[in-house]
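On a predicted model such as this, the values are computed, not experimentally measured, just so you know. Numbering of ligands and ligand atoms starts at 1, following listing order.
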Amino acid sequence: MALSDKYGRTIRDLRLSLTDRCNFRCFYCLPSGKPALARKETILTFEEIFKISRIFVSLGIEKIRLTGGEPLIRRDVPLLVEKLATLKPQLKDIALTTNGFDFPRYAEALRKAGLDRVTLSLDSLRRDRFEEITGVDALDRALAAIDAAKEHEFEPVKVNAVIVRGKNDDELADFARFARENAITMRFIEFMPLDSDQNWTREAMVSGAEMRDLISAEFPLALKETKRGTGTSWKYTFADGAPGEIGIIAPVTDMFCGQCSRVRLTADGQIRTCLFSVKEHDIRSLIRSDASDAEIAAFIESCVYQKEPSHNINAEKFVQPSRSMSFIGG
Ligand code: SAM
Ligand code: SF4
């Protein structure tokens, strides 16, 4: 069984946004905490999320990533992971993306519950700048989260940084050194037009090629794989054989839509077939009705079939989605 769209892409990867709320205010995502949050009663319960996930898995989804907003501000995430883990082995992988603030206190429970992987966000290695970027003085907590991920064997630990010109592009070599010293994968992401204040500009975006060249000037890189596969990043190792890896994610300048295997579910129960979708599909109403599993499965199949061929960031007609990354689920 496999979900596929009308362009022949197979969809294996479901991203679940557990909440549109966040304890950070990253300037590239949710700077002012606006737009308005979804009404509480529209947010899916864990039972509803599990039911939708179960049907998705029966249709061929193999990977689930929990994200948000900040997923760990929802209570009892380990219990949801434990439920989702009952969908293994058809479900091959359960992952989490978090800003790390609350990760250390949950790491052990998440591991025991069946979480396979974690991706942490870290946009600066300098305390004052970390606060400037995220609105919270919490570099120590983000670093503790990386240690906790290693301690609980979520390896290889992946750490994401969104690189923005004039904000943290001067730290690329420092991040690469950090990856080498800590034997982790540092992944650098191009700034995308998904910030809630709609302040994205092309000039502020540092392209993947520029990031790679800036790192290589200090630490020469060797391409690890000649293909991206269904992943989104170009992977590099250090040419001198040092531990650690670099990933470059360039959705704007080097888009990977042709290989995209993802579908998203927002915290308020809307299926989104692309980060940049302008149309959402309301599965919440369906599961709150007396629809059968077969009807829900048919609805999912028809949504996925309509997946957009690609984003339009580089087209003149591009319209930034009204919902920010924090809402859609990164
Ligand atoms: N709160 C969690 C975190 O920050 O890791 C999970 C949700 S966050 C929306 C997921 C990822 O999206 C993060 O790695 C974040 O850096 C990235 N992100 C958010 N806004 C972005 C933007 N405008 N462009 C590129 N990446 C963005
Ligand atoms: Fe919150 Fe993550 Fe968005 Fe930062 S990137 S504001 S931590 S959801």
Can you see whether F154 has R111 sitting over its ring - NZ or CZ less than 6.0 Å from the centre and within 45° of the normal? yes

Examine K167 relative to F27 and say whether NZ or CZ is less than 6.0 Å from the centre of the six-membered ring and inside a 45° cone about the ring axis. yes

Judged by modelled atom types alone, do T119 and R65 share a side-chain donor-acceptor pair under 3.5 Å? yes

Please could you name the atoms of ligand 1 that E70 approaches to less than 4.0 Å, counting only its heavy atoms? 1 (N), 2 (C)

Using a 4.0 Å heavy-atom cut-off, say whether T97 meets ligand 1 through its side chain, its backbone, both or neither. both

Would you mind listing which atoms of ligand 1 come within a distance below 4.0 Å of any non-hydrogen atom of S121? 3 (C), 4 (O), 5 (O), 13 (C), 14 (O)

Just which atoms of ligand 1 are under 4.0 Å from any heavy atom in E190? 24 (N), 25 (C)

Pick from S196, G100, P71, G69: the one approaching atom 8 (S) of ligand 2 most closely through a non-hydrogen atom: G69

Shell check on atom 4 (Fe) of ligand 2: protein N, O or S atoms less than 2.8 Å away are C26 SG

Classify the side-chain pair D213/S216 by whether it contains a donor and acceptor separated by less than 3.5 Å. no

Have E190 and S207 got a donor and an acceptor in their side chains that come within less than 3.5 Å? no

Has K235 got more than 12 heavy atoms of other residues, nucleotides or ligands less than 6.0 Å from its NZ? no

Polar contact flag for G69 and ligand 1 (N/O pairs, less than 3.5 Å): yes

Do R180 and F238 meet the cation-pi criteria used here (NZ or CZ under 6.0 Å from the six-membered ring centre, within 45° of the axis)? yes

Checking heavy atoms under 4.0 Å, the part of D123 that sits near ligand 1 is neither

Is there at least one pair of N or O atoms, one from T98 and one from ligand 1, spaced under 3.5 Å apart? yes

Does K83 make a cation-pi contact with F50 (under 6.0 Å, within 45 degrees of the axis)? yes

Output yes when the distance from some N or O of ligand 1 to some N or O of P71 is under 3.5 Å, and no in every other case. no

